[in-house]
Amino acid sequence: MKHFYTLIFLFAAYFGFGQTSPDKYDYFVQFNGNQLSKKVNINDLLNHPILTKYTSKKPDFDLRQYTSIIQLDQKITVHGNFLDSVPFYQVTIPIKSKEAVSQYLIEKQGANGKNSTIEEFGKYAVFTPSGLKRSFVWNDNYLVIFELTKRLPTKFYASPDGPPVLNDSIAVTEAYEETAIVETPAVYGAEEAQNPPKIAEPAVMRDEPVAVDAQAGTENQDYLYDGNPYEEYTAEQAEFDKKLAEQQREILKALFENGFTAPSFSKINVSADISSWVNYSGLMSSFYSLYNYPLALFGGYDKYLPMQKNFGNFIKGINLDFYFDNDNARIEEVVEYATDIAAVVSKISDRKINKNIFNYFPSEKPLGYISYHANTKAALENFPSLTAELFQNPKFVKEDITLITDLISTIVDEEATAKLFDGDLSAFLYDTKEVEVMTKKYDYDENYEEKITEEKVKKDIPLFSVIFTSTHPTFGDKLLQLGVRKKVLVPNGNSFIVVGTQEYGDIFIAKEKDVVIVANTKDYFGAGKGSFAKEAKKNLSKNYISGKLDIAQTVKTFGKNAKDSELDRMAKISSQFSDVSIESPKKLIDNKLKFVFKLNSFKSDKNIILQTLDLAEEMTSK
């Protein structure tokens, strides 16, 4: 019977991994060499002096040794699954010839040595290094690195002959004697069948650890070993590894026997230089097991945590795309929300800004700023329903969740609470200023007794402001008066000085109508006029987050008192890069919210990757 199930298992694996079932990966990363190679010469990159200097000391990291094997101007992909019934990872690399790969594996990986031979199957070849689980398989066009990553659950014993408790929230009853039918993961390689077969897998139970009663007698005979339980577990591990290797062998056969098709993925952006996507639900589920098992040991509290599937009800996936142009490098992060959650996020991000806040924006461009605007009231109104969605759990009945959400809604007055902080928040870095501050100096006299002296010293402090809106009619003023009574604040005209902040330029708090200001200077408030205020209004009409740091000017400003050696390095940085910025649009498109991070360069005659390497070489040359 055991052999019969093994045959079913391998047969199903063979056909299951031969199906084309798109958009069911947990992660997918694609290096678009065909796109990047148009922007930068790969040979110029690999032969850059700073890289060759490094690889001369560590030749194993010299990527030039792979240029005779890999087609770097084509697409290279990495994909796989975290928690599928058959978790795996696969690296797909376009190659120049089958013979070149064979030669590389013989010279660098010890192929065709003792217990490590290349197996030829006509159209393709396979090499699995001795002692490793990953396999190299290749034909005339592609090299695939593949490994099944399923693990046998770890067993912990309360006593030498006691019953085991299984980790990873998986319990195995009889190793490979009984089987359950589970879905096969998506892998490219052949056309999709109308009724794709299933993979037969050992009977497992997921979601809760299992502890076996030591007094259960013969019913638990499988767990009551006569010999050393650890030896028994080692034998089980060996059997598990053997079956996994057989399955992997059949999967590779399914991928290559009828001609290998390079994987592709609809969520990958082919216009990016590097594009990636991760299944947020699968990622969070992998973290779930980290806290699930410890809490299960201490009273079974894991039963009351959010269920794994609930994470996927919030965020479907996250894209991270990289672009490297001549005058800038940028990262675009795109978060895809579930439909219901996207509607909520859209309300939160689409805030109508309180125009009074612009009266305290500087007229001219500051060194740096970040401005964030969100609808606090919408966030508070939707918080109970979001909480209820996250904690949908068999251990909570519907009435329990309703009671909790009603309690939150009753305690929290969304409209009144939102007025404490409406959602407008802006921070600015203007300049530096030299001030004299009194500092304490600790020393010892001739009798080794501590003595404390005070002296005035000059130091540069950053000039800044933080501005936010609060439309609550009384709370802000009452809070300021409380600070005065507690001697934390000292009235100073229309503002209040924060006690003990002389070293930072006398930080003050001011409240004018709906706007609260925390700053150490009033010199830069521009009454909503000037080129910068006009530009900021325009950006914030489209984005709920907008920010920029002037790298060149900031380095010059904060580096004016640096040592000569540091000044030289700072000058090189300030002459290379102009600024770094961040923005996120208010509007969601197809339930997706985008964040854009951008590094801008002064130069445009060379790709920014080479520019960065040039700068690194200059800064490390002395």
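A distance of 8.5 Å separates CG of Leu425 from OG1 of Thr469, quoted to the nearest 0.5 Å. Going from atom CD1 of Ile50 over to atom CG of Leu610 covers 12.0 Å, rounded to the nearest 0.5 Å.
Between Tyr323 and Asn269, the side chains place a donor N or O and an acceptor N or O closer than 3.5 Å (distance only, hydrogens not considered). Side chains of Tyr430 and Ser465: a donor-acceptor N/O pair is present below 3.5 angstrom, by distance only. Using modelled atom types, one finds no donor on one side chain facing an acceptor on the other under 3.5 Å when comparing Asp327 with Ser604. Under the 3.5 Å distance criterion, with hydrogens and angles disregarded, no donor-acceptor pair is assigned to the side chains of Tyr524 and Glu364. With hydrogens and angles left out, the side-chain atoms of Asp422 and Thr376 include no donor and acceptor closer than 3.5 Å. The closest side-chain donor-acceptor pair between His79 and Asp26, if any, does not fall under 3.5 angstrom. Asn600 and Asp579 share a donor-acceptor pair across their side chains, judged by distance under 3.5 Å alone. Side-chain contact of Gln611 with Ser601: a donor-acceptor pair under 3.5 Å is present, judged by distance alone.
In this pair, Phe361 and Phe358 present their aromatic rings perpendicular. The plane angle is above 60°, beyond the 30 to 60° band. The aromatic rings of His472 and Phe475 sit perpendicular to each other, their planes meeting at more than 60°, with 30° as the lower class boundary. Ring geometry, Tyr369 versus Phe532: the interplanar angle exceeds 60°, so the pair is classed perpendicular (tilted spans 30 to 60°).
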Notebook entry, point to check: Run the salt bridge (Lys or Arg N to Asp or Glu O under 4.0 Å) check on Glu617 and Lys53 step by step: do they pass?
Noted result: CA-CA 10 Å; Glu617 183 188 12; Lys53 181 180 178 181; over 6 Å; no

For Leu489 and Val499, run side chain to side chain contact (heavy atoms under 4.5 Å, CB included): C-alpha distance rounded to whole Å, both residues' side-chain angles, the deciding distance at 0.1 Å, then the answer. CA-CA 6 Å; Leu489 302 176; Val499 175; 6.0 Å; no

task = Apply the test side chain to side chain contact (heavy atoms under 4.5 Å, CB included) to residues Leu540 and Ile353: give CA-CA distance (whole Å), side-chain angles for both, the deciding distance (0.1 Å), then the verdict.
result = CA-CA 8 Å; Leu540 292 172; Ile353 299 174; 3.6 Å; yes

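The salt bridge (charged side-chain N to carboxylate O under 4.0 Å, His left out) with Glu336 is formed by just one residue from the set Lys594, Lys267, Lys316; it is Lys267. Results of the side-chain hydrogen bond (donor to acceptor under 3.5 Å, both in side chains) test with Lys39 over Asn607, Asn326, Asp273 single out Asp273 as the only residue that passes. Residue Phe597 is tested with Glu332, Glu583, Glu333 for a side chain to side chain contact (heavy atoms under 4.5 Å, CB included); the sole match is Glu333.
Ser371 contributes no side-chain N or O that, together with a main-chain N or O of Ser546, makes up a donor-acceptor pair within less than 3.5 Å.
Of the charged side-chain nitrogens involved, at least one lies within less than 4.0 Å of a carboxylate oxygen, so that Lys365 and Asp550 count as a salt-bridged pair.
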